[in-house]
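Heads up, the thing below is written out as structure tokens.
A quick note: this is a predicted structure, and the numbers were derived from the prediction, not measured.
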Amino acid sequence: MDGADKRTVLHRKKVALYVVACAFWIVVAAILYEAVSAFISQKAPGFNWWGIAILGASLVANPFLAWGKYRYGKRLDAPALKYDAKDTMICQYQTIVVLAGIGLTQWMGWWWADPVAALLIVPYVAWEAFEATKDARSVDPDEGEATAEA
């Protein structure tokens, strides 16, 4: 760190965990909104080769990014970085779901496959959001002040 005292470090840790938790909750809300909107409109997802190429690149890169983030998060005792690794894996799952949804829509004509697949991700993302929120609540910056005075 930058020579910050224990209380400041714990405060930063708490804020970082809350930011990650909020990001997870936003992802849950966005997936639910998009899935419900797709069911209401009964509109199939669009097909674009550039989009498929980007999804393919994500499919290859995300596991390596997640592994690196988790490894360094563990090494540095940085829970926010470990949750960021989990967020990267959520992106990986979303990539797989989008590819499966587009594939089923294009080849089977199932307009509903994409939103159903998206809804399958929601419980996992909500669980990670809950865990990150719980971890953020458990960090007590005042605890750092008490240990510094002892």
Side-chain angles (χ1 to χ4, degrees), residues 1-41 43 45-46 50-105 110 112-150:
M1 288 307 268
D2 57 0
D5 62 3
K6 181 121 173 123
R7 184 179 194 286
T8 302
V9 170
L10 288 172
H11 176 73
R12 289 176 183 173
K13 189 179 207 177
K14 185 177 192 84
V15 169
L17 285 169
Y18 269 124
V19 167
V20 172
C22 286
F24 283 143
W25 288 118
I26 290 168
V27 169
V28 167
I31 292 171
L32 287 172
Y33 173 79
E34 290 296 324
V36 170
S37 296
F39 277 121
I40 291 170
S41 71
K43 184 179 177 190
W50 284 110
I52 299 298
I54 291 169
L55 290 169
S58 295
L59 200 61
V60 172
N62 280 341
F64 294 106
L65 290 172
W67 175 79
K69 289 176 184 181
Y70 190 81
R71 180 173 169 230
Y72 285 104
K74 195 172 182 179
R75 182 184 289 176
L76 299 171
D77 190 30
L81 189 54
K82 289 193 287 186
Y83 276 112
D84 190 44
K86 291 180 181 186
D87 183 49
T88 303
M89 285 311 297
I90 289 169
C91 291
Q92 178 73 357
Y93 299 143
Q94 287 176 315
T95 299
I96 293 166
V97 164
V98 168
L99 286 170
I102 289 172
L104 289 171
T105 300
W110 297 348
W112 49 266
D114 189 57
V116 167
L119 290 174
L120 294 175
I121 297 173
V122 171
Y124 173 69
V125 180
W127 176 255
E128 292 300 339
F130 173 76
E131 288 293 313
T133 302
K134 186 174 75 172
D135 285 351
R137 286 185 178 150
S138 72
V139 176
D140 183 9
D142 294 329
E143 182 181 293
E145 194 173 288
T147 57
E149 292 173 4

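- Checking side-chain atoms of Thr133 against main-chain N and O of Ala21 turns up no donor-acceptor pair under 3.5 Å.
- A pairwise comparison of heavy atoms in Tyr72 and Leu81 identifies C-CD2, 3.9 Å as the closest pair.
- Taking 4.5 Å as the limit, some side-chain heavy atom of Gln94 sits within range of a side-chain heavy atom of Ile121.
- Taking the six-membered ring where the residue is Trp, Phe130 and Trp127 present tilted rings, their angle falling between 30° and 60°.
- Closest non-hydrogen pair, Pro63 versus Ser58, comes out as CD-O, 4.2 Å.
- Shown here for Ala126 and Trp25, the closest heavy-atom pair between the two residues is O-CH2, 3.9 Å.
- To the nearest 0.5 Å, the span separating CG on Leu120 from CD1 on Ile96 amounts to 12.5 Å.
- Of the possible donor and acceptor atoms, none in the side chain of Glu128 sits under 3.5 Å from a partner among the backbone N and O of Lys86.
- Residue Val98 comes nearest to Asp114 through the heavy atom pair CA-OD1, 4.0 Å, listed as atom of the first residue, atom of the second, then distance.
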Checklist entry - Step by step, would you call Met89 with Asn62 a side-chain contact (heavy atoms from CB on, under 4.5 Å)? => result CA-CA 7 Å; Met89 285 311 297; Asn62 280 341; 5.7 Å; no
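- With Leu10 as the partner, the side-chain contact (heavy atoms from CB on, under 4.5 Å) test is satisfied by one option alone out of Arg7, Lys6, Arg12: Lys6.
- Taken from NZ in Lys82 to CG in Asp87, the straight-line distance is 15.5 Å, to the nearest 0.5 Å.
- A donor-acceptor distance shorter than 3.5 angstrom exists from the side chain of Lys14 to the backbone of Ala136, with no hydrogens or angles considered.
- How far CG of Leu32 is from CG of Leu119: 6.5 Å, rounded to the nearest 0.5 Å.
- Counting heavy atoms from C-beta on, the side chains of Tyr18 and Arg137 come closer than 4.5 Å.
- Between Val97 and Ala118, the shortest heavy-atom distance links the atoms CG1-N, 3.5 Å.
- Separating the CZ atom in Phe39 from the CH2 atom in Trp112 is a distance of 8.5 Å, to the nearest 0.5 Å.
- Summarising the geometry, atom CG belonging to Leu99 is positioned 6.5 Å from atom OG1 belonging to Thr95; distances are rounded to the nearest 0.5 Å.
- To the nearest 0.5 Å, the span separating OG1 on Thr8 from NZ on Lys13 amounts to 14.0 Å.
- For the residue pair Tyr83 and Asp135, a side-chain donor N or O sits within less than 3.5 Å of a side-chain acceptor on the partner.
- Taking all atoms of both residues into account, the shortest heavy-atom contact from Gln92 to Leu59 is NE2-O, 3.2 Å.
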